[in-house]
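Below, all heavy atoms of this structure are taken into account, side chains as well, without hydrogens, waters or symmetry copies.
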Amino acid sequence: MSTLFLRTLRDDPADAEVPSHKLLVRAGYVRRVAPGIYSWLPLGLAVLDKVEKVVREEMASIGSQEVHFPALIPREYFDASGRWEEYGENIFRLMDRKKAEYLLAPTHEELFTLLVKGEYSSYKDYPLSLYQIQIKYRDEARPRAGILRGREFIMKDSYSFDLSHEGLVKSYYDHRGAYERIFSRLGFDYKIVFAVSGAMGGSASEEFLARTPSGEDAFVQCTNCDYAANTEAAEVAVPPAVVSTGSTNAVQIHDTPNTPTIDTLVEVFNALGLRDEPFSAADTLKNVVLRTKAPGETEWSLLIVGVPGDREVDLKRLSGQLEPIEVEQAGPEDLAKAPLLVKGYIGPQILGLESPSKIKYLVDPLVVEGSVWITGANVEGKHAANVVRGRDFTPDGEIGAVEIRDGDRCPRCGSPLEVAKGIELGHVFQLGEKYAKAFGLTALGQEGKPVGITMGSYGVGVTRAVAALAEQTYDDKGLCWPRIVAPADVHLVATGKDDAVFVAAAKLAEELESKGVSVLYDDRYGVSPGVKFKDSELLGVPTIVIVGKGLADGVVEIKDRKTDERRNVPVASAAEVIAAVVAGTEVTAPGGQT
RNA sequence: CGGGGCGUAGCGCAGCUUGGUAGCGCACCCGCUUUGGGAGCGGGGGGCCGCAGGUUCAAAUCCUGUCGCCCCGACCA
């Protein structure tokens, strides 16, 4: 370590918020260069390499072959797929000396598809799976959380090419299996959740999320069965439709001046004394005005979504389902175009009747057929009661729009769901024919006719995995790597000023290396023991060996970074014992004599 | 793009209210002491005080503009 390019920091960097960011910087694994752009120092690179090694092994196990594309790509490739425009500001664009336009690839579907098209032309060539480990560039509006969400990051991306949907499904599950092995071997606590396929098109899609409080993705998991989904893709069980008994009263209009919020509305209604038990926000139907724009359209259209008044509309969840149609909150200028909509007093009763008939009205499935609501009367200062879905209004359709919360019911078994946070480590999905069609990738079939190719797309965030792992394993002393990715097997500390200590430690290091145990040897002379101990804990190597004052008694100390269990072993057998600990082949209980 | 905060040494910060030519801790270099929990003493090197303009005898400090960064939100295979 006396020559290792490393400088640890005593203080957290001021710009870091999440634990992985603070610790990776403090422990000298990475350094910031620009927002969302980091340099990897020797220790960080060592961890990164180990993660990549696991990824490569598992990709090989499913027969995927590694290739490598450039990150710098001429515009024409992304014009061909329409993504030069579609991807918008998230693409880093640049020009060469001849003013030809290039981009730094945010993803490589185009290149993979065209490569395959150029090389393969027979059905006999398929199925095929290719992958690469590549730096990706995305000019994120707001990079954050250090390594977790950068503008430059490393991703393993792979693509499967099949002749049939059955083939695609097999490729998909091959990848899914490989990802399970990758994340399990890396030591992640992760969850596979249903996801929306997003702008990529396609159908089946699942995400691998590392559970952690600093995660950006919210997902739900059932407390009883194994249902789990990204909240954008989640469904919730809905109450049964209300069977009309014919006894529901007709719609009544009530004066409700100054009721701009659901709370004030509920208060006014309760003051009316319409029924014995008090009304709550859940008895009101909230109609939120949004605007949508389909690709290629220039004008926004209005969309109204009805949800129970005690619920918020989850725009992320909505946009996940509406993709590629854009959706956002409507502004005053949008409302001005629909004079029948009285802000704060919108009710679905008039929709579809007159001029706003062009406005689409969707309800959350929680607004079941036959349900009875208090809602706007479409007149300033008035609300309507006893408004029944199916009698007084009929929505154009249903869409899961409410913000999902703890306690909502599982769509499969009806048990309560709980909401948790996670970091997206990987994503698998069935792309289908989108890119193959766009680029004319086909194979000549047995009958001499072209057969369509169907693709799957699979990604692992490699740099993100390093940070996510730090996020899941750190403790109050520092990083705490699972052995498989640790920058070394053993952190060997020599303490004291006695030359004998350094001689013995150097010899031990050598013996360990010869047994295939990688050693990070702290041979810094004249550095106090406290500093060395703190550093060894901060760096997070799983096994710490101390050659120090025990040497006088002929022993060295072995310490487990995670559990802090310590024991002394004789110098003579130290290498052997340590190698066994590292290999996990030691049979005696920790602390026992070997 | 909206809201909030911050730019002073490699890192973390003080100084700015009330202008007088830059300081503390860590890190780094030298010497002596110290060596099982981020050592002590002494000596030292390192700063376009983000940038530009203005006010002033004098600006890190006041004014204007500008650039950048961080956090929250919007956005985001």
S.K.: Check for a donor-acceptor pair, side chain of A/Lys156 on one end and backbone N or O of A/Gly426 on the other, with a separation under 3.5 Å.
M.R.: no
S.K.: Donor-acceptor pair, distance only, cut-off 3.5 Å: does the side chain of A/Arg26 make one with the backbone of A/Pro13?
M.R.: no
S.K.: Base, sugar-phosphate alone, or nothing: which one does A/Asp12 contact when heavy atoms must sit under 4.0 Å apart?
M.R.: sugar-phosphate
S.K.: Side chain of A/Val531 only, please: which of B/C71, B/C70, B/G38 is the nearest?
M.R.: B/G38
S.K.: Any idea which of B/U34, B/A77, B/G36 is nearest the A/Glu109 side chain?
M.R.: B/A77
S.K.: Look at the aromatic rings of A/Trp481 and A/Tyr29 and report parallel, tilted or perpendicular, splitting at 30° and 60°.
M.R.: tilted
S.K.: Measure from the side-chain heavy atoms of A/Thr495 and tell me the nearest of B/A77, B/G36, B/A27.
M.R.: B/G36
S.K.: Picking from B/G37, B/C72, B/A77, which would you name as closest to the side chain of A/Ser457?
M.R.: B/A77
S.K.: Which nucleotide wins on minimum distance to the side chain of A/Arg10, given the candidates B/A27, B/U35, B/A77?
M.R.: B/A27
S.K.: What nucleic acid atoms does A/Arg7 come within less than 4.0 Å of, heavy atoms only: base, sugar-phosphate, or nothing?
M.R.: sugar-phosphate
S.K.: What nucleotide among B/A77, B/C13, B/C70 has an atom nearest to a side-chain atom of A/Asp15?
M.R.: B/C70
S.K.: Flag the pair A/Glu109 and A/Lys434 as a salt bridge only when some basic side-chain nitrogen lies within less than 4.0 angstrom of an acidic carboxylate oxygen.
M.R.: no
